[in-house]
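What you see is a predicted model, and the numbers here were worked out from it, not measured in a lab. Quick note on labels: first sequence line is chain A, next is B, and so on, each numbered from 1.
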2 protein chains.
Amino acid sequence: MSDLAAALDIVGARWALLIVDRLLDGPQRYGDLQRDLGVPTNMLATRLRELEAAGVLVRLPLRHNTRAYALTDRGLALREAIVALGNWGKNDAQEPSLES
Amino acid sequence: MSDLAAALDIVGARWALLIVDRLLDGPQRYGDLQRDLGVPTNMLATRLRELEAAGVLVRLPLRHNTRAYALTDRGLALREAIVALGNWGKNDAQEPSLES
DNA sequence: CGGCCATGCTTGCAAAATGCAAGTAGCCCG
DNA sequence: CGGGCTACTTGCATTTTGCAAGCATGGCCG
């Protein structure tokens, strides 16, 4: 299995990179992630569990029934890849011209 | 929609980045991609169609009933992001220790 | 010129992932 | 003790993915 395939095994699932991207701005709470990203709540819960298990992020307990999700060093190391992908997406991606 | 989301809309689907990665080594034929990546043939056909429509790659007719798939400039521009993700995946990704 | 093979797909259907909506659980505040 | 806030879980429909088998086209070999 290539390194790329190994990476995609962890952060290749839908929403995973978007969640990490959001956390690059600092720890966020569940509801914030949900509202900012528009991700379905069950998917968010599943991804957070997977990313925590993969050592990408950790849960920080806050007051009573709230907690924050924060990137680990390994999660922060994704910044370079996320920035590169974001820059790529910034350029208009258009289909070829329709001329004959 | 963020730039990252736009990028993932194009290359976020399963196998897409692996296909592009393989094509970074130069144009490849359908059967080569299929055997090298182990991707199901219907998925490969679907992804190649999508990536062609997105302007990431083009079809080059070869002898009789064979053709090659080659990256466009836009496809080649993914190299940086793919390398970054690959480097990230290279480091052992382990779950947290089981100690209490 | 006719059968046969290689190559590049398409198709039918099962399994898994994703999404929507509603419900559950713990805690604090009044 | 009731209501609201937060973080989820659950049930089920929809979409995506995967497997296996089949189809199409062009060249080659007899």
Side-chain angles (χ1 to χ4, degrees), chain A residues 1-2 4-23 25-54 56-72 75, chain B residues 1-2 4-23 25-54 56-72 75:
Chain A
M1 191 188 207
S2 73
L4 180 60
L8 291 176
D9 228 48
I10 298 173
V11 293
R14 196 163 290 176
W15 299 108
L17 271 185
L18 290 170
I19 291 168
V20 174
D21 179 55
R22 199 69 199 67
L23 293 179
D25 281 353
Q28 307 285 330
R29 292 182 309 159
Y30 188 95
D32 294 336
L33 290 170
Q34 192 178 191
R35 277 181 285 276
D36 290 350
L37 295 175
V39 48
T41 178
N42 52 349
M43 283 293 98
L44 180 55
T46 301
R47 289 294 167 269
L48 289 174
R49 243 183 281 125
E50 293 168 350
L51 292 172
E52 187 186 19
V56 171
L57 54 80
V58 289
R59 256 172 248 249
L60 302 177
L62 297 186
R63 306 276 149 177
H64 68 296
N65 57 342
T66 74
R67 55 203 72 165
Y69 292 89
L71 294 179
T72 61
Chain B
M1 191 186 205
S2 74
L4 180 61
L8 291 176
D9 228 49
I10 298 172
V11 292
R14 196 163 290 179
W15 300 109
L17 271 185
L18 291 169
I19 291 168
V20 174
D21 179 55
R22 198 71 199 68
L23 293 179
D25 281 353
Q28 308 284 330
R29 291 182 309 158
Y30 188 94
D32 295 336
L33 289 170
Q34 191 177 191
R35 279 180 284 276
D36 291 350
L37 296 176
V39 49
T41 178
N42 53 350
M43 282 293 98
L44 181 55
T46 301
R47 290 293 167 270
L48 289 173
R49 246 183 280 122
E50 293 168 351
L51 291 173
E52 187 187 18
V56 171
L57 54 81
V58 290
R59 256 172 250 250
L60 302 177
L62 296 185
R63 311 274 148 180
H64 66 299
N65 57 345
T66 74
R67 56 204 69 168
Y69 292 90
L71 295 179
T72 61

If you measure from CG on A:Asn65 to CZ on A:Arg67, what distance do you get to the nearest 0.5 Å? 8.0 Å
What is the separation between atom CG on A:Leu33 and atom C1' on D:dT6, rounded to the nearest whole Å? 13 Å
Distance check: side-chain N/O of B:Trp15 vs OP1/OP2 of D:dT16, anything under 4.0 Å? no
I need the CZ-P distance between A:Arg47 and D:dC8, as an integer number of Å. 15 Å
Rounding to a whole Å, what distance do you find between B:Ile19:CD1 and D:dT17:P? 11 Å
Rounded to the nearest 0.5 angstrom, the CG-CG distance for B:Leu44 and B:Leu37 is 7.5 Å
Are B:Tyr69 and B:Arg29 close enough that a side-chain donor and a side-chain acceptor fall under 3.5 Å? no
Compare side-chain N and O positions of A:Arg14 against OP1 and OP2 of D:dT15 and report whether any pair is under 4.0 Å apart. no
Name the nucleic acid region contacted by A:Thr41, choosing base, sugar-phosphate or nothing; use a 4.0 angstrom heavy-atom cut-off, strictly under. base
Less than 4.5 Å apart, side chain to side chain, heavy atoms only: is that true for B:Val58 and B:Leu60? yes
For atom CG of A:Leu44 and atom C1' of D:dT9, their distance in whole Å: 13 Å
Taken to the nearest whole Å, CZ/A:Arg49 to C1'/D:dT10 is 12 Å
Please identify the 5'-most and 3'-most nucleotides of DNA chain C with any atom under 4.0 angstrom from a heavy atom of chain B. C:dA6 to C:dG12
Considering non-hydrogen atoms only, spot the tightest contact between A:Leu17 and B:Leu4 and give its length. O-CD2, 3.8 Å
Under 4.0 Å protein heavy-atom contact, by nucleotide of nucleotides 24-30 of chain D - B base, S sugar-phosphate only: -BSS---
Is there a side-chain contact between B:Leu18 and B:Val39, using heavy atoms and a 4.5 Å cut-off? no
Is the shortest side-chain heavy-atom distance between B:Leu48 and B:Leu33 below 4.5 Å? yes
What is the separation between atom CG on B:Leu37 and atom P on D:dG18, rounded to the nearest whole Å? 12 Å
Here the distance between atom C1' of D:dT6 and atom CD of A:Gln34, to the nearest Å, is 10 Å
Base, sugar-phosphate, or nothing: which does B:Arg29 touch, judged by heavy atoms less than 4.0 Å apart? sugar-phosphate
Report which part of the nucleic acid A:Arg63 touches: base, sugar-phosphate, or nothing (heavy-atom distance under 4.0 Å, all strands). nothing
Tell me, which pairs form a side chain to side chain donor-acceptor pair (under 3.5 Å) where one or both residues lie in residues 36-49 of chain A, sequence neighbours left out? A:Arg22-A:Asp36, A:Tyr30-A:Thr41, A:Arg47-A:Glu50
Rounded distance (Å) that lies between atom C1' of D:dG22 and atom CG of B:Asn42: 13 Å
Considering heavy-atom distances to DNA chain C, does B:Arg59 or A:Gly38 have its closest nucleotide positioned more toward the 5' end? B:Arg59
Tell me the closest heavy-atom pair linking A:Ala16 and A:Ile10, and the distance in Å. CB-O, 4.4 Å
